[in-house]
Amino acid sequence: MPRPLLLGGTTEASALAALLAGAGIAARLSLAGRTKAPAAQPLPTRIGGFGGAEGLARYLHDQRITHVIDATHPFAAQMSRNAAQACAALNLPLLALSRAPWHAQAWDRWQRVPDIASAVAALDRPAARVFLAVGRMHLEAFAAQPQHHYLLRLVDAPEAVPLPRSECVVARGPFTLAGDLALLRAHGTELVVAKNAGGPGAVAKIAAARQLGLPVLMIDRPTLPDRAETHDPQAVMRWLGHADLGVKT
Ligand SMILES: NC(=O)c1ccc[n+]([C@@H]2O[C@H](COP(=O)([O-])OP(=O)(O)OC[C@H]3O[C@@H](n4cnc5c(N)ncnc54)[C@H](OP(=O)(O)O)[C@@H]3O)[C@@H](O)[C@H]2O)c1
C-alpha cells in the first residue's frame, strides 16, 4: 500500500487530495501555512516548513513515505528543489502535478519579464492604475515604484501594505471572466502584472485584459528541477497503482 506525501497549496493539490481520500490511499498532505484559513482537506494535513531538503528527507524517512507528489505552485521553486533533492537522496519516486503555462494569443499585449525584479524595473514609468496580481509575498519589491496606484487581490486581508497608493480586494479563486472584466473596469485598470501561473483558476484576469485591450506584464516561471511531470490527477493515481507511469519525464 503506498504512503504518498502530497505537497500542496494549490487547487490541483486539493483536487488530487479528494481523489486520494476517495481511493482510501494513506496519503499525507503538506501545506506551507501561508493562508490563515486553508480550505478543509480530506487528508491528514501537516502545516509548515520541513527545514530544508534535509528536514524533508528526515520527515519522509520517519513517516515511511513511499512516493512524493509535488503539486505546489509553479512559483514555489524552493519547495520543488527541496523535494527533488530529498527524493534523490532517499531514492524515492517523485512526480510533479503541474499546470501548463499560459501562452500569449493573437490579441494579447504581453511584455514578458523573467522575474519579479525585472517586473519592478519595467514599472519605471509614469503613474498608472495597475492590477498587481502577484500574491502577498512580493509586494515589498513593488514599493520601489510608489508612483502607481495598485489594485491587489489577496486571499487574506493584509495587515500592512508596503505600497503608498493601493487598495485590496480579499477573494479566493477560481475567478470568472465576467467577474474580472467588472473588476478591471470598476478600477480603471491600465496595466495587469501577473505571474505565469497557468491553469484555469487564475486565467480570468488574463482573458479580461485581452478583451479590454490592456497590456500585461507577464512574469515567467522560475526554473524548476527536472522531474517526472503530469498535468492530470488521474495519471498520478495510475502512477501510485502501477509501475507503468504513463507520464512524461
Ligand atoms: N509562490 C506562489 O505564487 C504561490 C501561489 C499560490 C500558492 N502557493 C503555495 O504556497 C506555498 C508556499 O509558496 P512559496 O512560493 O513560499 O514556496 P517556496 O518559496 O518554494 O517555499 C519556501 C519554503 O516554504 C516551505 N514550503 C513551501 N511549500 C510547502 C509545503 N507545501 N509544505 C511544507 N512546507 C512548504 C518550505 O520550507 P522548508 O524549507 O522549511 O521546508 C520551503 O522551502 C506552496 O505550497 C505553494 O504551492 C504559492
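None of these values were measured; they are calculated from a predicted model. Numbers here are sequence positions counted from 1. All values below were derived from every heavy atom in this structure, side-chain atoms included, with hydrogens, water molecules and symmetry-related copies excluded. Whatever order the structure lists ligands and atoms in, that order sets their numbers, starting from 1.
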Q: When you check the gap from the basic side-chain N to the acidic O, do D180 and K205 get nearer than 4.0 Å?
A: no
Q: Show me the donor-acceptor pairs, under 3.5 Å and distance only, between side chains in residues 27-34 and residues at least two apart or in other chains.
A:
residue	atom	partner	partner atom	Å
S30	OG	R46	NH1	2.7

Q: Using the ring of each side chain (for Trp, its six-membered ring), is H73 parallel, tilted or perpendicular to F75, with breaks at 30° and 60°?
A: tilted
Q: Charged N to carboxylate O below 4.0 Å: is that the case for D70 and R81?
A: no
Q: Kindly tell me which protein residues have any non-hydrogen atom under 4.0 angstrom away from an atom of ligand 1, grouped by chain and ordered by number?
A: G8, G9, T10, S30, L31, A32, R34, R46, G48, G49, F50, G51, G52, T72, H73, F75, A76, A77, Q78, M79, N82, M137, K195
Q: Mind checking ring-ring contact (aromatic ring centres under 6.0 Å, His included) for F50 and listing every partner two or more places apart, or none if nothing turns up?
A: Y59
Q: Sequence neighbours excluded, which residues qualify as side chain to side chain contact (heavy atoms under 4.5 Å, CB included) partners of A89?
A: none
